[in-house]
Protein chains: 2
Amino acid sequence: MDKDKKRVSCSECPLRSLPAFRDFSDKELAFVSDFKTGELVADPGATILVEGAHSAHLYTVLSGWAFRYKTLADGRRQILNFVMPGDLVGLQGTLMDEMQHSIEALTPVRLCVFERGRISKVYTQHPTLAFDITWMAAREERILDENLLSVGRRSAFERAAYLLVYLYQRAKLAGLLTGRSAEIPVTQQHVADTLGLSTVHTNKTLRKLADRNLIKWRERACDILDEEGLLTVSSWEGFEESSRPFI
Amino acid sequence: MDKDKKRVSCSECPLRSLPAFRDFSDKELAFVSDFKTGELVADPGATILVEGAHSAHLYTVLSGWAFRYKTLADGRRQILNFVMPGDLVGLQGTLMDEMQHSIEALTPVRLCVFERGRISKVYTQHPTLAFDITWMAAREERILDENLLSVGRRSAFERAAYLLVYLYQRAKLAGLLTGRSAEIPVTQQHVADTLGLSTVHTNKTLRKLADRNLIKWRERACDILDEEGLLTVSSWEGFEESSRPFI
DNA sequence: CGTCTTTTTGACCATTTTCAATCAGTGTGG
DNA sequence: CCACACTGATTGAAAATGGTCAAAAAGACG
């Protein structure tokens with residue numbers, strides 16, 4: 001086995017972004033080559049996965065932003081969540097028959113491809129990794145829960161505040177941000193489709209947040225001026241990114 | 001090992017409700033006794049799991065209805081999903097530090113308790129079961145996606161239609177229903193908190209569905225008069241409960 | 001400079017909420 | 001059996017939130 005080659009392919013191993021592998025050496029990650037079958041790059045606006053797709057593979061995001069969404073027959077769109085480096089996508093397509101949502105790139109996105117058929121090997125041979133996949137699924141569920149609470153019960157103002165701190169904190173955890181100026185590569189249309197509001201009302205709501213010096217909206221970016229304020233407005237506690245327990 | 005005893009305790013094994021174990025014999029399920037640590041019964045209105053709880057166990061629902069929900073500081077409540085026999089609850093509490101949602105019983109609920117600490121053994125020794133846990137998590141995520149689409153983008157009328165067929169179909173899949181008369185043990189308050197509407201508007205919306213002969217609401221129950229009609233109104237395709245793929 | 005996308009605004013309309021009662025059904029104790 | 005308390009369903013009217021339409025302004029970019 002040409003370990004060197006494998007090490008190179010693991011130098012930026014997507015699995016390192018999974019909790020269990022953060023502190024693993026390249027050598028320890030070498031076995032990953034057994035599962036990785038390729039890399040993929042998607043341009044902004046490109047559809048990474050489309051609803052209804054069969055036999056999709058499992059991907060980990062190496063870099064870039066994307067979003068998961070569903071649409072109704074007449075075109076109404078709901079953004080379900082945003083995808084950042086370290087995220088796992090395509091689990092539904094891998095486990096069930098087909099994808100029931102689509103994924104679109106917001107910036108150039110690099111993905112690591114795991115072949116669907118090889119997933120069983122993960123479960124039989126690498127229980128720790130299998131556990132991580134479950135952990136990621138539970139994490140996504142938790143985020144969706146909070147999102148649903150937001151869309152269902154928070155006012156437009158609270159909802160927008162929640163979304164912006166949420167994105168800010170997640171981006172920070174994903175190591176995407178340096179200062180307070182969050183390069184959140186979305187338009188107000190995306191925000192509207194996440195909040196379940198119209199673009200017009202979203203615009204007015206963002207303005208209200210800006211008037212209160214909580215944020216400053218810039219084209220495809222947003223400065224978080226008052227993180228605490230946003231948390232208070234949305235009555236959200238923020239992430240306490242609990243690390244995965246030992247197995 | 002007293003196999004007989006174990007067989008008895010598995011006669012109604014909670015794992016049988018998990019896809020992978022539907023067709024397993026009692027004998028094959030005997031090993032489950034290693035994980036099961038007890039049984040629990042919750043009365044209607046009782047809180048099964050509460051937000052913020054630490055070191056919770058993992059449960060499978062043997063019988064009864066419950067619901068998962070989150071609340072805001074001022075009491076606004078959002079119901080996230082309903083829990084029926086065969087469902088897994090408490091995964092978040094098991095995998096992460098604490099539960100971020102609560103669960104309340106709607107009818108008497110019987111639960112099978114798996115100790116948190118023994119989950120690792122499932123991953124190392126029973127990959128098929130580990131896979132099932134992931135599968136259940138992915139299924140919950142899928143339901144939440146559809147719910148979020150509903151609350152975010154469907155009108156009150158479409159949303160209510162969606163919820164009722166959804167509950168009808170799920171209850172049917174869980175083997176809870178016989179005829180068209182769905183014994184859905186919820187009040188209009190529950191429906192409102194699921195749809196993200198006020199009780200008043202929910203009442204008027206349900207009336208509209210009844211006026212169009214789609215449903216007939218009865219106290220804590222609901223007759224589904226026109227399943228196809230509800231699917232059309234909500235532009236939902238319904239469940240194609242794909243069985244879990246072979247691992 | 002012209003074109004394209006995104007943001008912003010105002011006026012008007014629709015949906016949904018809130019408030020405040022009322023009604024119906026169930027169970028209890030007298 | 002009836003008065004009473006409770007819970008859940010139902011109603012109408014006023015008020016608020018958010019949506020739609022149409023158009024203009026502001027950047028981004030070749």
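The model shown is predicted, which means the values in this text are computed figures rather than measured ones. Sequence lines set the chain letters: A, B, ... in the order given, protein chains first and strands last, and positions in each chain run from 1.
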Measure the distance from NZ on A:Lys204 to C1' on C:dG10 and round it to the nearest whole Å.
7 Å
Sequence neighbours excluded, which residues qualify as ring pair (Phe, Tyr, Trp, His ring centres under 6.0 Å) partners of A:Phe157?
none
What is the distance from CZ of B:Arg154 to C1' of C:dT16, rounded to the nearest Å?
19 Å
Is the phosphate of C:dT8, meaning OP1 or OP2, less than 4.0 Å from a side-chain N or O of A:Gln188?
yes
Tell me the interatomic distance from A:Ile184, atom CD1, to C:dT7, atom P, rounded to whole angstroms.
13 Å
Rounded to whole Å, how long is the line connecting atom CD of B:Gln189 with atom C1' of C:dT18?
14 Å
Just by distance, with hydrogens left out, do A:Ser63 and A:Arg110 show a side-chain donor and acceptor under 3.5 Å apart?
yes
Separation of atom NE2 in B:His201 from atom P in D:dG18, rounded to whole Å
14 Å
Does the side chain of B:Asn203 get closer than 4.0 angstrom to OP1 or OP2 of D:dA9 through an N or O atom?
no
What distance do B:Glu158 atom CD and A:Leu72 atom CG have between them, rounded to the nearest 0.5 Å?
7.0 Å
Compute whether any side-chain donor of one residue and acceptor of the other, for B:Gln100 and A:Asp145, lie under 3.5 angstrom apart.
no
Without decimals, in angstroms, what is the distance between B:Phe157 CZ and C:dT15 P?
12 Å
Can you say whether the rings of B:Phe82 and B:Trp65 are parallel (under 30°), tilted (30 to 60°) or perpendicular (over 60°)?
perpendicular
Residues of residues 205-220 of chain A with any non-hydrogen atom less than 4.0 angstrom from an atom of DNA chain C: list those, numerically ordered, please.
A:Arg207, A:Trp217, A:Glu219, A:Arg220
For the side-chain contact (heavy atoms from CB on, under 4.5 Å) test, which of B:Glu51, B:His190, B:Glu104 pairs with B:Tyr69?
B:Glu104
Name the nucleic acid region contacted by A:Thr187, choosing base, sugar-phosphate or nothing; use a 4.0 angstrom heavy-atom cut-off, strictly under.
sugar-phosphate
Residues passing the ring pair (Phe, Tyr, Trp, His ring centres under 6.0 Å) test with B:Tyr162, sequence neighbours excluded, are B:Tyr166, B:Trp236
To the nearest Å, give me how far apart CZ (B:Arg76) and P (D:dT17) are.
12 Å
Rounded to whole Å, please give me the gap between CG in A:Leu197 and P in C:dT15.
17 Å
